[in-house]
Structures are given as C-alpha cells and as structure tokens.
Amino acid sequence: MRDTLIIISALIFFACGGPNHSETNELSDDNVETKLDQDTIVADVDTVAIEEKILSQFAEEYSYFDDSLKKEVTGVHYHVATNIKLNFNGDEWLDYFIVEDHGGGPTAGYFFDGKTGDLIEGETDEDFISSGAARDIRAEVINVDCDDNQQELAVITGGGGTLGLYYFYDIYQFDAINKNVKSIFSETISSVNWDEEEESEWISEITFYGDDTICRNAILVQKGAWKEGKEYDPVNGIQPIKNTQQYHYVYEGYFEEFRIDRINCSGQSINNETLDQLARLNDWEALRNEPDELMELTSVVGDELTEQMQNGLLTINDSHQNLNFTASLDGRLNIVTYTFPSGGTAGTIHYPILQWEKSDGTYGTKTLYFQEYESEYYGWAVDFYDINKLPSYEKDIYLLIGSLKGSSSQYSAYAMVVELKDDELILDYPAFMHSSAILAFHDDLNDADEYCIACMDYDPKNYTITIEEVDSLDEIIVQENSWSSTEKEIKEKGDVVFKFENGKFELQK
C-alpha cells in the first residue's frame, strides 16, 4: 500500500465477457436451510452440493432451551454477510466471493471455485482480504481485460477504529498459471489520524477513465477533499482538488497488473517555444544539415524544461511527443525525460530531469545528463522508467530503474538509489556494496543464445533486484557516477540477485 491516500469518487463498475454478471445477496443467519444463490450455471456438477460445501465452512451450530416450547431448540448460524458470484477463474462455472461476518467485529473475504467448492488461496499473505470493526468489506465486479474470459473484483477494506480512519482499495485477479488470487492494483484510499493535539488526514480520489466503459483498464489517482455532509464515505464522499498531481495507471497484460502510465501527467502547460524547439531537435533533416546547432539546442530545451519544472508539474499526455513522465507512487519524486535521435547506433537519446515535491509544496529539480557548467557530473542519458520507494525507517529512499542503448552490440540497465532528506536530493547514497549509489549491467548482445536483453527487474514484494542471464561477455559494476574512476565489478554469473536489507542492497550468494 502506498503512503499517499486515495479515496474512491465513484465505484460504478461494469462487467463483460463472463457468462453472467455479479449478484449480491445478504444471506439469512437464522434459517437452517439457508443456501447460496441457486442460479449457478447448470452443468455436470452438483451445484447444490458445491454451494452447501462452501456455506458449511461458515456454519456454527447453536442450541438453547425455549421455555415456551419446553424443549431444546437447535440450529445452524451462518456467518455470511455477502455473496458475490462472478466468472473469476474463466471456466464454465461461476465462482464465489464470500464475506464472513461475526457481527460487528472484523470481517474477512474469500474466493471459492464454483466447480469444486475449494478455497482459492492468495498469492501472498498480503492478498488476505480483511477489514476492521465497523469497516465493511465492499466489493464490485469489474472486467479489466475483455480479451480474456475472466472477471476481476474491486474490493474496499478499512481499519483504524478509535485511532484513525483508514480505507484501502485493491483489484483482485485470478492467476491462471499459479491458480491463485493476486492483487493487480493496490492503493490506500484514505488515512485520517485522530490526535489530541492535531488531526491529520490525507485524502485523494481515484476514478476509472478513458473511452471504454466496459473494460476498466485505466485509472486516475489525484488528491482530494471530503465533500461537505459526506465525510469519511470512501465511495461517494470525495471530490478532487484542482491543479494537483495526477497519476495515471494502465493495465498492462504482459505484466498482468496496473502500472504507472509514463505518458500522462496534468499540471501547467509547457511553453510553446520549448515544444517547438523539442520538435526541431527531433527533425532528422535538421540533424543532418545542422548537427552542431542541434547539439546546442539539447541543453537549451533541458534548461527551459527544468525552469518550468521548478514552478510545478507539467502537463504531459499523448499529444506531447518525445516527452516521458515517470512517478513514484507517493508522488514525491518524478522524472520528466525528453528524447531525441543520436544519429548513430545508439538510437534514441534520453535526457532525464528529476523533480521532487518539498514540504512547503514547492519543487526541486536535478538534471542527470551532462551539463558543462555543473560541478557534479552524472552524465546519464538513461531512460528511467520505474521509481519505487524503498522500505527504510525514517528515511525517504527511492530506487530508479532504467535502460540505455550504448550501441548495436551493447545494451545497459541501471539501478540508482537517491534519498530525499530535508527537501534536498542526495545522489551519493551508499546503496550498493556499502559505497555506491549506482548498479550498472552492461549486456553484450553478441551472445546468440540470449533471449533477455539487459533484464534488470525490481520486485517490490521481496525488495529484490534481479539481473538475468549474466554471462562471460557481460559486466556488472557499482559506481559513483557515469565517469567514476571508483568502480567495483561483480563477478557472479547467471541470475544475479540483490536484496534490500537494513538500508542497503546486499548481493545474494
């Protein structure tokens, strides 16, 4: 879950692609004959027996002596508050999402296979669905990918009690390969901390967006405020705050999860002259005829973008060519990258500019590419496409992952760790080998058997960086900056793993 706080402005979800839309019932607690819904698809499966099998797991026998009848009365109490049916695992039978309720206390949600009645386990312990007292589990069926025959479930859970008000939002999907449940989108909805001295709260809003009202595969997240008269309602009680950071997520089928959209960001309009200069910088004819002039123009464009970024966020969307936007989930660290052709085998050149939000709401900036007047020279023309906040007590540490094409025979991947401290950006955090902020993987493409080019991936669940298929022609080094004379080579081959522990990335032997 991220630290920034998200609220749901509207949970109006649509479903398609399954044999039936969801149905939500409250099941009776008093009728011994209580059954789940009886409209499950008829097939060569005893659906009544399946439903009884599922329901039996929430049954509790009771007995009492009725004086008026002068006899003992026995029965079964079913701790079931909600039953949702959906085409979760993509087969012929509708599956079940059951919310267990013990009356005013914590609640828990479970998925069951509609064919076998067996529990569908979560991928990790974090996928266990539970909600605190007085925070009901709310669930709606959606369809993220209409090219498959599965539906997904959007679930709101909460907690906090007398200490605060916390709501969380997850989208759960069935993993057809591993046969389990996994979260493909996870955000904190709201956080309100009640304190004797001061009440603190951070609220944001989340909505689906895009033209497709059937397949809900694009999500917009932005800061928000409680609506008057609807305070603390996680579904309808939030309105967005204008001119604040927006985060766009899109569902990527290859990764089977929602990821930050690198294109879309909403803020101030970029100066038209800067856009014209960027377009000229990407004019191949001008590159051939006026290479020296265009080389000077690269720094001009960077200076103008940096100046504008110091005043706030830039609007970057599909209409802005040769600009990429990448953001951390907590909204504090962003990267705007402008691109232009190298004119050679290196292909596209990427010039990244870091931007971070300070405690007073203003922004700081730092260019990572070469600038002659800079006393610090980092000099990376790297396409940083991912930013993850690392788990560290009382420190704001971020991992940047990017790539760089060096030539037709070499491709490189980079991991860089930076720290935000007292509103300043620290670029020499000793994250690797207790000395350097940068991990570089130079992949020689002359290996004919290689299928994974410069593959360096960060797993936020295990806090690990994995570099795949390192062979004798490849090189892994740690370094202070791109021209550092202080380098240390990592000799391991095969799949090389670094794990973040105690504030550092340690090589796993």
Side-chain angles (χ1 to χ4, degrees), residues 260 262 302 306 309 324-330 332-339 349-356 364-371 374 376-392 395-406 410-421 424-443 454-460 463-468 470 474-490 496-501 503-507:
I260 282 281
R262 299 197 58 210
T306 299
M309 289 168 64
N324 291 328
F325 173 77
T326 305
S328 63
L329 292 184
D330 65 1
R332 289 202 63 196
L333 186 64
N334 309 311
I335 299 177
V336 172
T337 303
Y338 66 101
T339 67
I349 301 297
H350 299 79
Y351 272 15
I353 307 171
L354 270 67
Q355 178 189 53
W356 64 95
T365 60
K366 175 65 180 177
T367 57
L368 289 185
Y369 56 88
F370 170 70
Q371 299 214 50
E374 284 279 356
E376 288 182 299
Y377 175 37
Y378 283 83
W380 271 288
V382 174
D383 179 18
F384 287 109
Y385 53 82
D386 194 20
I387 306 175
N388 288 275
K389 187 173 184 180
L390 296 170
S392 184
K395 286 185 178 182
D396 292 323
I397 306 174
Y398 296 83
L399 172 68
L400 284 56
I401 298 288
S403 60
L404 164 66
K405 182 182 180 184
Q410 186 185 81
Y411 213 103
S412 298
Y414 288 89
M416 181 177 182
V417 177
V418 301
E419 180 184 7
L420 288 180
K421 184 177 181 181
E424 297 297 327
L425 186 68
I426 309 299
L427 293 172
D428 58 355
Y429 186 86
F432 300 99
M433 310 302 290
H434 300 277
S435 61
S436 303
I438 295 99
L439 176 70
F441 171 40
H442 303 303
D443 191 358
C455 289
M456 176 189 288
D457 296 307
Y458 175 69
D459 185 346
Y463 314 123
T464 57
I465 295 173
T466 300
I467 303 174
E468 297 183 37
V470 181
D474 303 329
E475 183 182 44
I476 302 176
I477 61 173
V478 295
Q479 57 188 124
E480 293 179 2
N481 55 55
S482 64
W483 283 52
S484 173
S485 59
T486 304
E487 297 180 350
K488 181 177 178 61
E489 184 175 359
I490 306 298
V496 181
V497 179
F498 293 82
K499 186 176 180 63
F500 190 77
E501 299 175 307
K504 313 287 183 183
F505 276 102
E506 300 287 352
L507 178 62

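Here, residue 1 is the first one in the sequence, and each next residue gets the next number. Values reported hereafter were calculated over all heavy atoms of this structure, with side chains retained and with hydrogens, waters and symmetry mates removed.
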Is any side-chain heavy atom of Thr339 closer than 4.5 Å to a side-chain heavy atom of Tyr351?
no

Take Lys488 and Ile477, measure what side-chain contact (heavy atoms from CB on, under 4.5 Å) needs, and give me the verdict at the end.
CA-CA 5 Å; Lys488 181 177 178 61; Ile477 61 173; over 6 Å; no

His442 and Ser412: side chain donor to acceptor below 3.5 Å
yes

Verdict with supporting geometry, Leu333 and Val418, side-chain contact (heavy atoms from CB on, under 4.5 Å):
CA-CA 10 Å; Leu333 186 64; Val418 301; 3.9 Å; yes

Looking at side-chain heavy atoms only, is the closest gap between Val417 and Leu400 below 4.5 Å?
no

Side chains of Ile490 and Leu507: does their closest heavy-atom pair fall under 4.5 Å?
yes

As a quick check of understanding, evaluate side-chain contact (heavy atoms from CB on, under 4.5 Å) for Phe384 and Met416, giving each step before the final call.
CA-CA 9 Å; Phe384 287 109; Met416 181 177 182; 4.2 Å; yes

Do Leu368 and Leu354 touch side chain to side chain, with heavy atoms closer than 4.5 Å?
yes

If you take all heavy atoms of Ala440 and Tyr414, which pair is closest and at what distance?
CB-CE2, 3.6 Å

Do the side chains of Leu390 and Tyr398 get nearer than 4.5 Å, heavy atoms only?
no

Do Lys421 and Asp396 pass the salt bridge (Lys or Arg N to Asp or Glu O under 4.0 Å) test, and can you show the C-alpha distance, the side-chain angles, and the key distance before you say yes or no?
CA-CA 7 Å; Lys421 184 177 181 181; Asp396 292 323; over 6 Å; no

What distance do Ser403 atom OG and Asp443 atom CG have between them, rounded to the nearest 0.5 Å?
11.5 Å

Quick check on side-chain contact (heavy atoms from CB on, under 4.5 Å): which of Ile349, Val382, Ile353 does Tyr369 satisfy it with?
Ile353

Set of side-chain hydrogen bond (donor to acceptor under 3.5 Å, both in side chains) partners for Asn388, sequence neighbours left out
Asp386

Contacts of type ring-ring contact (aromatic ring centres under 6.0 Å, His included), residue Phe505, not counting sequence neighbours:
Phe432, Phe500

Would you say the side chain of Thr367 lies within less than 4.5 Å of the side chain of Thr306, judging by non-hydrogen atoms?
yes

Which heavy-atom pair separates Glu419 from Tyr429 by the least distance, and what is that distance?
OE1-CD1, 3.5 Å

Whether the side chain of Glu506 engages the backbone of Lys499 through a donor-acceptor N/O pair (distance < 3.5 Å, no angle test) should be reported.
no

Under the criterion side-chain contact (heavy atoms from CB on, under 4.5 Å), I'd like the reasoning laid out for Asn334 against Thr326: C-alpha separation, chi angles, the key distance, then a yes or no.
CA-CA 6 Å; Asn334 309 311; Thr326 305; over 6 Å; no

Report the distance from atom CG of Leu439 to atom CE of Met433, rounding to the nearest 0.5 Å.
10.0 Å

Roughly how far, to the nearest 0.5 Å, is the NZ atom of Lys366 from the CD1 atom of Ile426?
11.0 Å

Separation between CZ of Arg332 and CH2 of Trp356, rounded to the nearest 0.5 Å
10.5 Å

Between atom CD1 of Ile467 and atom CE of Met456, what is the distance when rounded to the nearest 0.5 Å?
4.0 Å

Quick one: are Val496 and Thr466 in side-chain contact, heavy atoms under 4.5 Å?
no

Ignoring hydrogens, what is the shortest heavy-atom contact between Ser328 and Ile387? Give both atom names and the distance.
CB-CG2, 3.6 Å

Quick one: pull up CG in Asp474 and CD in Gln410 and give me the separation to the nearest 0.5 Å.
9.0 Å

So which atom in Pro352 and which in Ile335 form the shortest heavy-atom distance, rounded to 0.1 Å?
CB-CG2, 3.9 Å

Qualifying residues under side-chain hydrogen bond (donor to acceptor under 3.5 Å, both in side chains), relative to Asp459, sequence neighbours excluded:
Asn462

State, yes or no, whether a side-chain contact exists between Leu404 and Asp383 at a heavy-atom distance under 4.5 Å.
no

Where do Pro391 and Tyr458 come nearest, in terms of heavy atoms and distance?
CD-OH, 4.5 Å

Kindly indicate whether a cation-pi arrangement holds for Lys504 with Phe498, taking the cut-offs as under 6.0 Å to the six-membered ring centre and within 45° of the axis.
no

Closest heavy-atom pair, Tyr411 versus Ala454, reported as atoms and distance to 0.1 Å, is CD2-CB, 3.8 Å

